[in-house]
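Below is one structure, written out as C-alpha cells; comments come after it.
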Amino acid sequence: MSATNPSPATMSWTLQQRLQEYARAMKLAEIIYQDPNGQVCVVHGVIRDVLSRAGRDFVVLGKGQVVSADHIIMIDGERLTKG
C-alpha cells in the first residue's frame, strides 16, 4: 500500500488531515454515515479522535461512538464518498 493508492479501508491523506483538524478544533459537525446494517445515520457532534486499527481507519465521535471512516458519506454538507 502506498500513500497515493490507499486500500479501500484506509482514507486518503487529505481526508485524514481534514478529520484531524475537526478533532483538534472540537468543531461541531453534521456527520452522515452508513451503519453496519445499511441504515443512513445523521449525527450532530464533535469528532474526538481519528485512529487506525488493523489496517482500517475509524472516527471516534463525541459520545464515544466509533464509525468506520469508509462508511462516512458527508461531513458538513461535503460529500466524502464517491458516487
Side-chain angles (χ1 to χ4, degrees):
M1 182 176 79
S2 72
T4 57
N5 295 315
S7 77
T10 60
M11 65 183 108
S12 71
W13 178 253
T14 304
L15 175 56
Q16 187 175 38
Q17 290 297 99
R18 286 185 32 231
L19 293 175
Q20 289 288 355
E21 288 173 18
Y22 271 94
R24 277 192 296 275
M26 296 297 285
K27 180 181 176 183
L28 183 64
E30 178 183 71
I31 303 158
I32 302 173
Y33 67 94
Q34 189 171 25
D35 74 9
N37 297 320
Q39 293 288 103
V40 174
C41 303
V42 178
V43 174
H44 293 92
V46 297
I47 295 173
R48 285 191 359 203
D49 200 3
V50 180
L51 47 98
S52 295
R53 297 288 185 267
R56 299 196 61 185
D57 293 317
F58 299 91
V59 172
V60 181
L61 302 178
K63 295 183 179 180
Q65 183 179 13
V66 179
V67 176
S68 178
D70 61 335
H71 288 188
I72 297 174
I73 300 167
M74 296 179 93
I75 295 180
D76 285 342
E78 186 174 341
R79 189 162 196 71
L80 302 181
T81 58
K82 295 179 183 174

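A quick note: this is a predicted structure, and the numbers were derived from the prediction, not measured.
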| query | When rounded to the nearest 0.5 angstrom, what is the spacing between NE2 in His44 and CG in Leu61? | reply | 12.5 Å
| task | Over all heavy atoms of both residues, which pair between Gly64 and Arg48 is shortest? Give the atoms and the distance, please. | result | N-NH1, 3.6 Å
| said: When you group the ILVMFWY residues by side-chain heavy-atom contacts below 4.5 Å and let the links chain together, are Val50 and Leu15 in the same group? | reply: yes
| field | Ile75 side, atom CD1; Tyr33 side, atom OH - distance, nearest 0.5 Å | value | 12.0 Å
| task | Working to the nearest 0.5 Å, report the span between NE2 of His71 and CZ of Phe58. | result | 9.0 Å
| query | CZ of Arg79 to CD1 of Ile32: how many Å apart, nearest 0.5 Å? | reply | 9.0 Å
| Who passes side-chain hydrogen bond (donor to acceptor under 3.5 Å, both in side chains) against Asp49, sequence neighbours left out? | none
| query | If you take all heavy atoms of Arg56 and Asp70, which pair is closest and at what distance? | reply | NH2-OD1, 3.2 Å
| If you measure from CG on Leu19 to CD1 on Ile47, what distance do you get to the nearest 0.5 Å? | 5.0 Å
| query | At their closest point, which heavy atom of Tyr22 faces which heavy atom of Ala29, and how far apart are they? | reply | CE2-CB, 3.6 Å
| query | Which heavy-atom pair separates Asp76 from Leu28 by the least distance, and what is that distance? | reply | OD2-O, 4.2 Å
| remark: Rounding to 0.5 Å, atoms CZ (Arg53) and OG (Ser68) come to a distance of 13.5 Å
| Just by modelled atom types, is the Asn37 backbone N or O under 3.5 Å from a matching donor or acceptor in the Asp35 side chain? | yes
| Closest non-hydrogen atom pair between Arg24 and Gln17, with its separation | NH2-O, 4.5 Å
